[in-house]
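Just below is one structure, and these are the notes that go with it.
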Amino acid sequence: MSGGGKKYKIALIPGDGIGPEVTREAVRVLNAVGGSFGRVFEYTELPAGGAAIDAAGEPLPAETLETARAADGVLLGAVGGWRWDGLPGDKRPEAGLLGLRAGLGLFANLRPAKLIPALASACPLKATGDIDILVARELTGGIYFGEKGRDGDSAYDVERYSRGEVRRIAGVAFGLAAGRRGRVTSVDKANVLESSRLWRETVIEAARDYPGVELEHMYVDNASMQLIRDPSRFDVLLTSNMFGDILSDEAAQITGSIGLLPSASLRADGFGLYEPVHGSAPDIAGKNIANPCAAILSAGMMLRYSFGLTREADALEIAVYAALEDGIRTADIAAPGGPAVTTEEMGEAIANKITALR
Ligand code: IPM
Ligand code: MG
């Protein structure tokens, strides 16, 4: 109950689709954590994505970026939706998210994919042992941000990586692996792509600083296959922006519900943006049925990585798992035909667990 006196300034970007519903529950749970541990969280709500297009005519208003920059952490729901699908690339909601990542310098995207015991039956694979994978995805380079354009009847997107860019995400991956099971699988396509050959060389160099961590290289096509064959063999997956986008969805699905998975996008100084791995799910938006766990666990990652509030982050995670152990389920993870709670009820159940823990 020690009040540190510090106020943690959180830039809250609900975004589109189910974003507002799930971030509301994340705020509810953060406030329960604050109440139990004597922490004060202060929120500034900011528009980005489709919501910002509607309100201000652009996916990332300058003020959103500026205010996010001045915060202690950024919590985002999701961006995107059919309504804005016809817009040109740089005017789409996704451009707002990419602009935040680049504008805030968030080069390291961490996406844990863990099979929770209470939900083991949700894994679509045959029994495979403990699944606890951390995808460390490079987030501000590669084909996402390379030169792109149209040229007559053709179009192009350039995959370009510098040694420095590879080095820094590799450092993050090795550092994290050292605190986990000590194994990094670097994913590339070095049998075909020059950028992947530079990636591999640089990762080998970076590995020299981490003699305790075992490094293996795997082609991306093989990695997608091995993930299905035996996901428990992986510890940290180190990937480029594009490969990480694809493999993190695959790893997420292996755990049974993308509705449970959080992510952190970090800068070297610990500043970060936190968001669920899932998207805006416009088909279920506004129905109070979305699973808020990924948003809530994302808030937990913010407590841990940006605020250094380890006990608080542990309590939040324990509360989520305890609610799941009790059998409380939103529709996405409910047993077929079994009972399901609403988004709000799930958030309340988790918030109550936190209050009860103290
Ligand atoms: C993700 C998403 C984004 C990405 C989109 C929404 C731009 O798929 O965070 O994985 O491709 O990075
Ligand atoms: Mg993706």
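Just so you know, these numbers use all the heavy atoms, side chains as well, and skip hydrogens, waters and symmetry mates. Everything quoted here is computed from the prediction, not taken from an experiment. Read the numbers this way: they start at 1 and go in the same order the structure lists the ligands and their atoms.
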How does R101 reach ligand 1, by side chain, by backbone, by both or by neither, if only non-hydrogen atoms under 4.0 Å count?
side chain
Should the ring pair Y8 and F41 be called parallel, tilted or perpendicular, given that the plane angle runs from 0 to 90° and is split at 30 and 60?
tilted
Tell me whether D130 at atom CG has more than 12 heavy atoms from other residues, nucleotides or ligands lying less than 6.0 Å away.
no
Looking only at distance, does E94 have an N or O less than 3.5 Å from an N or O of ligand 1?
no
Under 3.5 Å: N/O of R137 near N/O of ligand 1
yes
Just by distance, do the side chain of D72 and the backbone of S306 share a donor-acceptor pair under 3.5 Å?
no
Over-ring placement of R183 relative to F174, 6.0 Å and 45° cut-offs
no
Would you say D245 reaches the Mg ion (ligand 2) with an N/O/S atom under 2.8 Å?
yes
Between L273 and L134, is there a shared hydrophobic cluster once you connect ILVMFWY residues whose side-chain heavy atoms come closer than 4.5 Å?
no
Close side-chain approach of N291 to H278, heavy-atom, < 4.5 Å:
no
Could you find the nearest protein heavy atom to atom 10 (O) of ligand 1 and give me its residue, atom name and distance?
D245 OD1, 2.9 Å
Looking only at protein heavy atoms, identify the closest one to atom 4 (C) of ligand 1 and say how far it is in Å.
Y144 OH, 3.4 Å
Using a 4.0 Å cutoff against the non-hydrogen atoms of R111, which atoms of ligand 1 qualify?
1 (C), 9 (O), 10 (O)
